[in-house]
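Written out below as C-alpha cells is the structure these notes cover.
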Amino acid sequence: MTAHNHAEPRSHDADTSATQAMLAEVTAGLSLPQKTLPSKFFYDERGSQLFDEITGLDEYYLTRAETALMQQHGPEIARLLGPGCLLIEYGSGSSVKTRILLDHVTDPAGYMPIDISTEHLLKTAEALQADYPDLPVMPVSADFTASFELPDPPRDVRRRVVYFPGSTIGNFTKPAAASLLSQMARVSGPGGGVLVGVDLDKDPGILHAAYNDSQGVTAEFNLNILTRLNRELGAEFDLGGFAHEARYNREQSRIEMHLVSRHEQCAAINGRTFRFAQGETILTEYSHKYTAESFGKMAAEAGLRTERVWCDSRGLFSVQFLANEQ
C-alpha cells in the first residue's frame, strides 16, 4: 500500500461488483417478513446533501449538541489523542466536526476519512487538503462495515484513533454495534482509541420531533433511498406511493424509521416483484439511544475502556473516548 491524497479511480469491474452487492443486499432485505433496506444506501450524493440539511434543522438537536461539545472540549480531547495521532474517521460525510478537532491536534500523522459516497468524499477531502496543506489527507472510498484496506501514512504514527461522530453507532442493532466496536479496536490497535458520538436516551417527544421534522427534509432523505434504487438498480418504486414515518420503540430505546406503503402495490427489481399491502412498511434505519452505563458496558466487552465522557448540560448527547486495552 502507498499513501495517496485522493481515492483510487474505480474500475468498471469494481462498479459492477458494487452494484451486484447492493442488489443482493436489497433483495435479501425486501424478502424478509419485515421488509428492510440497509441505511448505508441513504448516502449517495443527494442523500449526503440532504443529511447535511437535516443537521441544520431546529428540531435536530444532535449536531448542535455534539458540535458544541467539540468546540468546548476540543483542546482536552486533542491532548488525550496526543501528538503523532493518525485519525481514521468512519462515515466522514462533510467532516465538519473533524475540522474542530484538527484545529487542536498537535502534529497529526494524518487524516483518513472513510465514506461510502465517493463523490462527496473526494470533494470534502479536496477542501480539507486545501485548508490544511501540511496534513496528509488520505480518503478511503469504502463501506466501513465490510473489509477495507487503509493506505500507509507518510509519517510515523504514534497512535491510531478511530473517530465515529454523529451518533451513527446508534444506527446498528446492539449486537452489530458491539461487533463494530470490536472491529474499531482491531483497527486502532494496542494503545489506540476510539472517539465516538453517542446519543443519550431522553424524552420521546424530543426524539419524535428530531426525526419527523416540520420541513419534511427527513422525509425526503428517507424517500431518496427509493430514488437511488430506481436509478442504480432499475427498480420500479412508485415514489408517491410511500410515506416517511419515524417511531420511538420504548422497549428497545430506539427510533425506527420506516417507509409506509400508502396503498396495495408492487415494485419490481431485476425481474423480481415485491408486493406491499396498504400500511406495510420498509424499515430503513434504527437509531438506538444509550445511557452512559449501557454504552460503557458494551464498549468494555469489545476491549475498550471508557476513559472520558463529555455531555451537554441538558444530557442530550455525549462524546466518549474509549481507550484500547487490547
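Model, not experiment: these values are computed from the prediction.
- One finds no salt bridge joining D312 and R64 here, because no Lys/Arg side-chain nitrogen approaches an Asp/Glu carboxylate oxygen to under 4.0 Å.
- Between L101 and I77 the shortest side-chain heavy-atom distance falls below 4.5 Å.
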For M112 and E89: C-alpha separation, side-chain torsions, deciding distance, then whether side-chain contact (heavy atoms from CB on, under 4.5 Å) applies.
CA-CA 6 Å; M112 292 183 185; E89 183 173 0; over 6 Å; no
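- Taking the side chain as every heavy atom from C-beta outward, T145 and F172 approach each other to under 4.5 Å.
- In this structure, the separation between NE2 on H120 and OG1 on T118 is 11.5 Å, given to the nearest 0.5 Å.
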Step by step, work out the side-chain contact (heavy atoms from CB on, under 4.5 Å) result for T218 and N212.
CA-CA 7 Å; T218 308; N212 295 280; over 6 Å; no
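- The minimum heavy-atom distance between D143 and K40, with the atom names listed, is OD2-NZ, 2.7 Å.
- Looking at heavy atoms from C-beta onward, L304 lies out of side-chain contact with E325 at the 4.5 angstrom threshold.
- Smallest separation of non-hydrogen atoms from E307 and A323: OE1-CB, 3.3 Å.
- Taking CD from E245 and OG1 from T284, the interatomic distance works out to 11.0 Å, rounded to the nearest 0.5 Å.
- Side-chain atoms of Q20 and T16 form no donor-acceptor pair, as typed in the model, at a separation below 3.5 Å.
- Side-chain contact, N224 with Y43: no donor N or O sits under 3.5 Å from an acceptor N or O.
- Between E256 and R247 there is no salt bridge, since no side-chain nitrogen of the basic residue lies less than 4.0 Å from a carboxylate oxygen of the acidic one.
- In terms of hydrophobic clustering, with Ile, Leu, Val, Met, Phe, Trp and Tyr side chains grouped at heavy-atom distances under 4.5 Å, L150 and M184 are assigned to a common cluster.
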Steps toward salt bridge (charged side-chain N to carboxylate O under 4.0 Å, His left out) verdict (R275, E264):
CA-CA 8 Å; R275 302 183 183 279; E264 187 175 335; over 6 Å; no
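- For the residue pair Q183 and Y90, a side-chain donor N or O sits within less than 3.5 Å of a side-chain acceptor on the partner.
- Residues Y248 and K289 bring no donor and acceptor atom of their side chains to less than 3.5 Å of each other.
- For the pair V105/L87, no side-chain contact is recorded, criterion being any heavy-atom separation below 4.5 Å from C-beta on.
- Aromatic rings from F42 and F221 are positioned such that their centres are separated by under 6.0 Å.
- For the pair F242 and R262, the minimum side-chain heavy-atom distance is 4.5 Å or more.
- Cation-pi geometry between R308 and F321 is not met: the NZ or CZ atom fails to fall both under 6.0 Å from the ring centre and inside 45° of the normal.
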Going through the distances and angles, do L259 and I225 end up as a side-chain contact (heavy atoms from CB on, under 4.5 Å)?
CA-CA 10 Å; L259 291 169; I225 198 169; 3.9 Å; yes
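- Residue V161 comes nearest to C85 through the heavy atom pair CG2-SG, 3.7 Å, listed as atom of the first residue, atom of the second, then distance.
- Taking 4.0 Å as the cut-off between side-chain N and carboxylate O, E119 and R46 do not count as a salt-bridged pair.
- Residues S31 and R272 share a closest heavy-atom pair of OG-NH2, 3.2 Å.
- Note: F164 and F144 meet the aromatic proximity criterion, with ring centroids under 6.0 Å apart.
- The CG atom of L23 sits 8.5 Å away from atom OG1 of T19, with the distance rounded to the nearest 0.5 Å.
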Would S214 and E59 satisfy side-chain hydrogen bond (donor to acceptor under 3.5 Å, both in side chains), going step by step from the backbone distance to the final call?
CA-CA 8 Å; S214 58; E59 300 99 327; 2.9 Å; yes
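- Judged purely by distance below 3.5 Å, without hydrogens or angles, the side chains of S39 and N171 never pair a donor atom with an acceptor atom.
- A heavy-atom distance below 4.5 Å is found between the side chains of P151 and M138.
- Y111 and S95 share a side-chain donor-acceptor pair at under 3.5 Å.
- Looking only at side-chain heavy atoms (C-beta outward), I269 and F274 come within less than 4.5 Å of each other.
- In the hydrophobic clustering of ILVMFWY residues, with side-chain heavy atoms under 4.5 Å counting as a link, L37 and Y211 come out together.
- L233 and L239 fall within the same hydrophobic cluster, defined by Ile, Leu, Val, Met, Phe, Trp and Tyr side-chain heavy atoms under 4.5 Å apart, directly or through other members.
- Contact check for T63 versus I54: no side-chain heavy atoms found under the 4.5 Å cut-off.
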